[in-house]
Student: 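Structure incoming, see below.
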Amino acid sequence: MADETQRERYNAPASEQHWQQKWEQGEVFKTRTDPGKPKCYVLEMFPYPSGRIHMGHVRNYTMGDVLARYKRAKGFNVLHPMGWDAFGLPAENAAAERKVHPGKWTYENIAAMKTQLKSMGLSLDWSREIATCDPSYYVHQQHLFLDMVSKGLAYRKSSKVNWDPVDQTVLANEQVIDGKGWRSGATVELRERLQWAFKITDYADDLINSLKRLDKWPEKVRVMQENWIGRSEGLMIRWKLDATTAPAGHTELEIFTTRPDTLYGASFMAVAPDHPLAKAAAEKNPELAAFCDECRRMGTSAADVETAEKKGFDTGIKALHPLDPNWRVPVYVANFVLMEYGTGAIFGCPSGDQRDIQFARQYNLPIIAVVVPKDEPARSQALSKIHEGLAYTDDGVMINSRELDGMTPKVAFDIVASKLGGEKLGAGPVAARKVNFKLRDWSISRQRYWGCPIPVVHCTACGIVPVPTDDLPVTLPEDATFDMPGNPLDRHPTWKHVTCPKCAAPALRETDTMDTFVDSSWYFVRFTAPDAKTPTDQAAANYWLPVDQYIGGIEHAILHLLYSRFFARAMGATGHLQKNLAEPFDALFTQGMVVHETYRRAGIEPPQWLLPTDVRFEGEGDARIATEAATGKPVIIGSIEKMSKSKKNLVDPDDIIAHYGADCARWFVLSDSPPERDVIWTEDGVKGANRFIQRVWRIVDDVADRNTDGGEIPGIYSPEALDLRRIAHKTLHAVGQNIEGLRFNVAVAGLYELTNALSAALQKPDPALRVAVREATEILVQLLAPMMPHLAEHCWARLGKHTLIADAPWPLAEAALLIDDTVTIAVQVNGKRRDELTVSRDLSQDDLKALALQLDTVVKAIDGKTVKKIIVVPQRIVNVVA
RNA sequence: GCGGACGUGGUGGAACCGGUAGACACACAGGACUUAAAAUCCUGAGGCCGCAAGGCCGUGCGGGUUCGACUCCCGCCGUCCGCACCA
């Protein structure tokens, strides 16, 4: 037996390199489509090739890898691919700043990050690697695009677009945050432009309804998507305008409402400043025109909206109430009415809407309560609140509403809908039921170089002509310039000048490229057949899809996931995927961030942040004192925040892997914190993980030294051996369950327990334990394998195995060992724990009751009172009620 | 404002379907080994009272249901996140 001083420490960096080579040489993780085997598609959101991986990547890919390796061991044919979301602005910014071509920059970054990912020992099938910037990928995207054009799912529309004056590009609504560009932070302007868009609104209903079926998605994400799509049922109502007051040509005003039941509470109409009626009225009214301009200038940021007053301008126009033509309602232009939603016009019922009541109070408009609680005193309270300016928006009964009085709002809604639906205004009905969505079509045109070219040609004679399939891909020109703002493709001297594919006349190429969200909306499909000549290989797609477990950050909860869901449907409609697939991701998991303390120089404003590696610490716990390593000057230990370049609270995965090894980093990010929550990166935690690795190695080395595998399996195990076997098999069972449920932190805790039990057993010289120790050690190593694959391989070899643990099947737990012969049962008196009993598990309830009642502690607690009843929960508890 | 999640020791957290709260880890304290340190091993620890045995309290707060509540229900308080004038 090697004594402790002789025993070599586990050399992680050397071992890890060795085993990574073995895996690569054996093509261990190469996946083939095999309909004979059950499949499991594990996918982590692919990275943007920024240049270096960060701890967030380490956490994300480790989680996926644990699941992938586990499923492999369980006998699944696992697809676990990796690629690069490689188009996007940073490459162009780098080109402008450093005079390096975006392609060169991107591919160099990919090479660097690929090396880093490989050093993590992930069980990836690198033969399926995809880079979305590669023509071999985007050629298929161009095919998909043209097929979507022919199905009407991609179309051009003139629309107001969000123009980012700094990035010189159009932004999707989703990329505008509080009125500012999501990348540049510049205030976004509105411009009219012809844009390519995807008809995601065609699927609005399906996208919202299908959310119900996604029961393995976080509730939070489903709710976010539901809110984003924003379905509401209501009524379109056309109001006749009083001809003596309305501008010429305007005879009616159509509004959308979800509350037609409150029509008798109407006290005003309001239109958006950009509404045609507002514009027409403004033509003859300079004051109104000025008001509309002022509204347009008003910020739309959250802060602006919150503080902004409800402002309006009475146009003098009157609308005729649809339920009473003698009732004239004034039409205002109001700053809180949005042109983009509904018809850009509303009717205001102040008593039932908080915005309306504010508006009405400001302009002295009538406030008529129409819905109030059915019974007192709630009704009086609601009425007085309305009087104070608080709208009543809950359910109740109709009042002040003539024929609707006494009805519920729901019934009133239906009555109004059918009444007005049956009446005519001109050729059409006065009102019609309508479902409205907040979701807009997805505008994909970007005035950028580093994106997928939109494969169409503009011909003066033929209009928009698709590039013929044989001419695809339309590739990006290499010799673009990046030294000025604007679109490099548009100012390229020759690229856009082509002949029309239809009439051969000189024509112009489309110079817009696609939003990079398009690239990531179908990459998971391409992974199933990355070399197919067509965008998809149906057989492969049918076998592999949907993705069984998708793992990524919550920041993609809305856009990426919604777009991917749309693409699955659009690809079904264009024949690239089976139609009934629809949902691309069966289960979704959103992992938490990696966070770290922040450090800054003391007494300096604005803050000067320091890297953790530049700070020295003295003392422990709360008494820690930090100084700057280089100068010895005091450093303030700040709050724990998401690792970011700006706060410099970064830990470089490369440093950790070089020093402690990938397994250590992997183990750390899996430990302690539940995977959906943030994990705090600490040096102590990493050291703890490293201690555990060394401890496992010592145990395995020790067990191997003792050569215990020669032992005969005894007919009867000693009680101690049986205990160890029980712990091993119970842990085996629990770790499997916990990995499947992605409760990695709980799995880790179980592995610590098994390790503790094993070290305790090793301290005992009992030879009867040898076989059980050997068995428990092998189980431990196999359970560690998905999480710390290199260490596990090393231990496996040390235990004399000549195969890779990566190829070893997951061990089977012996069912008999999962059940204890004896159980410890808590004994309560009146629900308070007083004692415990260790008894045979099949002891009868009556015997158990008798035993419990004999306990001194129980007798004392009963204190002579009559025992009323005794509750026995088998194998858990006895509760004496006295 | 609307929607969602969460609240457990010094810290991260565990606790199956309502059944012994605090597993496991970090930090801490004490001890062993060592000339010393590191490494390793052992022990202790929710709070209060007590030498101890033991007792009382205890999962944000207040109620309720139950033989029994971290878990279920009602009402508060607090933290975090998402959306935001969506008619």
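Here is the naming used below: chain letters follow the sequence lines, and residue numbers restart at 1 for every chain.
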Student: What contact category does A/E753 fall into here, base, sugar-phosphate, or nothing, at under 4.0 angstrom with non-hydrogen atoms?
Tutor: sugar-phosphate
Student: Starting at the 5' end of RNA chain B, which residue's closest nucleotide do you reach first, A/P674 or A/A749?
Tutor: A/P674
Student: Would you call B/G44 syn or anti, using the 90° rule around 0?
Tutor: anti
Student: Expressed in whole Å, how much space separates the P atoms belonging to B/G54 and B/C41?
Tutor: 31 Å
Student: So, OP1 or OP2 of B/A87: does either fall under 4.0 Å of a side-chain N or O from A/N436?
Tutor: no
Student: With a 4.5 Å cut-off on side-chain heavy atoms, are A/L263 and A/P322 touching?
Tutor: yes
Student: Pick the P atom in B/G55 and in B/A21, then give their distance to the nearest Å.
Tutor: 14 Å
Student: Under a 3.5 Å limit for both distances, which nucleotide forms a Watson-Crick or G-U wobble pair with B/C16, could you say?
Tutor: none
Student: Please state how far atom CZ in A/R59 lies from atom P in B/G12, giving the value in whole angstrom units.
Tutor: 15 Å
Student: Would you classify A/V337 as touching base, sugar-phosphate or nothing, given that sugar-phosphate means primed atoms plus P, OP1 and OP2, and contacts are heavy atoms under 4.0 Å?
Tutor: base
Student: With a 4.5 Å cut-off on side-chain heavy atoms, are A/T598 and A/S639 touching?
Tutor: yes
Student: Can you tell which of A/V700, A/L780, A/V696, A/I779 makes a side-chain contact (heavy atoms from CB on, under 4.5 Å) with A/L758?
Tutor: A/L780
Student: Send over the distance from A/F692 CZ to B/C26 C1', rounded to a whole Å.
Tutor: 15 Å
Student: Given atom CD1 of A/I680 and atom C1' of B/A27, what is their separation to the nearest angstrom?
Tutor: 13 Å
Student: I'd like the C1' distance from B/G9 over to B/U59, given in whole Å.
Tutor: 10 Å
Student: Using a cut-off of less than 4.0 Å, is there contact between a side-chain N or O of A/R355 and OP1 or OP2 of B/C86?
Tutor: yes
Student: Using the C1' atoms only, state how far B/A69 lies from B/G82, rounded to an integer number of Å.
Tutor: 32 Å
Student: For A/R743 and B/A25, what is the distance between atoms CZ and P respectively, to the nearest whole Å?
Tutor: 20 Å
Student: Of the nucleotides B/C83, B/C85, B/A14, which has the atom closest to the A/R677 side chain?
Tutor: B/A14
Student: Do the charged groups of A/R231 and A/D205 touch, with an N to O distance under 4.0 Å?
Tutor: yes
Student: Give the nucleotide from the list B/U40, B/A14, B/G19 with an atom nearest to the side chain of A/R698.
Tutor: B/U40
Student: Base, sugar-phosphate, or nothing: which does A/N756 touch, judged by heavy atoms less than 4.0 Å apart?
Tutor: sugar-phosphate
Student: Ignoring backbone atoms, test whether A/R9 places a side-chain nitrogen or oxygen under 4.0 Å from the OP1 or OP2 oxygen of B/A38.
Tutor: no
Student: Indicate the ring-plane relationship of A/Y752 and A/F692, choosing parallel, tilted or perpendicular according to the 30° and 60° boundaries.
Tutor: tilted
Student: Counting the benzene-type ring for Trp, do A/F359 and A/Y332 have ring centres under 6.0 Å apart?
Tutor: yes
Student: When you check the phosphate oxygens OP1 and OP2 of B/A27, does a side-chain N or O of A/R691 lie under 4.0 Å from one of them?
Tutor: yes
Student: Regarding B/C85, can its base be found pairing with the side chain of A/K310 as donor and acceptor, where the two atoms are less than 3.5 Å apart?
Tutor: yes
Student: Partner of B/G46 by Watson-Crick or G-U wobble geometry, both contacts under 3.5 Å, or none?
Tutor: B/C57
Student: Which parts of residues 217-225 of chain A get close to RNA chain B, meaning a heavy atom less than 4.0 angstrom away?
Tutor: A/K220, A/V223, A/M224
Student: From CG of A/D356 over to C1' of B/C86, roughly how many Å is that when rounded to an integer?
Tutor: 13 Å
Student: Which residues in residues 871-882 of chain A have at least one heavy atom lying under 4.0 Å from any atom of RNA chain B?
Tutor: A/I871, A/V873, A/R876, A/I877, A/N879, A/V881
Student: Closest-nucleotide mapping onto RNA chain B: is A/R833 or A/D353 further toward the 5' terminus? I mean the 5' end.
Tutor: A/R833
Student: For the C1' atoms, the ones on B/G13 and on B/A87, what distance do you get once it is rounded to whole angstrom?
Tutor: 46 Å
Student: I want to check one thing: is the phosphate of B/A39, taken as OP1 and OP2, less than 4.0 Å away from some side-chain N or O of A/N690?
Tutor: no
Student: Who is the Watson-Crick or G-U wobble partner of B/G1, with both distances under 3.5 Å?
Tutor: B/C83
Student: Using atom P in both nucleotides, what's the gap between B/U71 and B/C80 to the nearest angstrom?
Tutor: 24 Å
Student: Between B/G55, B/C83, B/A87, spot the one nearest the side chain of A/R834, thanks.
Tutor: B/G55
Student: Could you check if a side-chain atom of A/L214 sits within less than 4.5 angstrom of a side-chain atom of A/L211, using non-hydrogen atoms only?
Tutor: yes
Student: Report, as yes or no, whether the 6.0 Å neighbourhood of atom NZ on A/K730 holds more than 12 heavy atoms from other residues, nucleotides or ligands.
Tutor: yes
Student: Please report the distance separating the C1' of B/C57 from the corresponding atom of B/G50, rounded so that it comes out in whole Å.
Tutor: 15 Å
Student: Going by heavy atoms in the side chains, are A/P612 and A/H596 under 4.5 Å from each other?
Tutor: yes
Student: Rounded to whole angstroms, how far apart are CD1 on A/I558 and P on B/G3?
Tutor: 17 Å
Student: I'd like to check A/L235 versus A/R433 (side-chain heavy atoms, cut-off strictly below 4.5 Å). Are they in contact?
Tutor: yes
Student: Any non-hydrogen side-chain atom of A/Q828 less than 4.5 Å from a side-chain atom of A/I877?
Tutor: yes
Student: Whole-Å distance between B/G12 C1' and A/E683 CD?
Tutor: 17 Å
Student: Taking only the side-chain nitrogens and oxygens of A/S671, find out if one of them lies under 4.0 Å from OP1 or OP2 of B/C24.
Tutor: no
Student: Do A/R695 and A/T755 get their side chains close enough for a donor-acceptor pair, meaning under 3.5 Å?
Tutor: no
Student: How long is the line joining CH2 of A/W228 and C1' of B/C81, in whole Å?
Tutor: 16 Å
Student: Contact class for A/S759 (heavy atom, under 4.0 Å): base, sugar-phosphate, or nothing?
Tutor: nothing
Student: Watson-Crick or G-U wobble partner for B/C72, using a 3.5 Å limit on both distances?
Tutor: B/G64
Student: Need the glycosidic conformation of B/C76: syn if within 90° of 0, anti if not. Which one?
Tutor: anti
Student: Let's see if you can work this out: which of B/G3, B/A14, B/A27 has an atom nearest to the side-chain heavy atoms of A/N745?
Tutor: B/A14
Student: If you define the side chain from C-beta out and look only at heavy atoms, does anything of A/Y392 sit under 4.5 Å from A/K385?
Tutor: no
Student: Under 4.0 Å between a side-chain N or O of A/Y752 and OP1 or OP2 of B/A25?
Tutor: no
Student: Going by distance alone, is a donor N or O of one side chain under 3.5 Å from an acceptor N or O of the other, for A/S232 and A/N436?
Tutor: no
Student: Is there a side-chain contact between A/K832 and the phosphate of B/A21, meaning an N or O under 4.0 Å from OP1 or OP2?
Tutor: no
Student: Using Watson-Crick or G-U wobble geometry with both distances below 3.5 Å, tell me the partner of B/C26, or none.
Tutor: B/G10
Student: According to the Watson-Crick and G-U wobble definitions, with both distances under 3.5 Å, which nucleotide is paired to B/A36?
Tutor: none
Student: Heavy atoms from C-beta onward define the side chain here; which of B/U20, B/A15, B/A87 lies closest to that of A/V746?
Tutor: B/A15
Student: Rounding to the closest angstrom, what is the interatomic distance between B/G78 and B/C85 at atom P?
Tutor: 26 Å
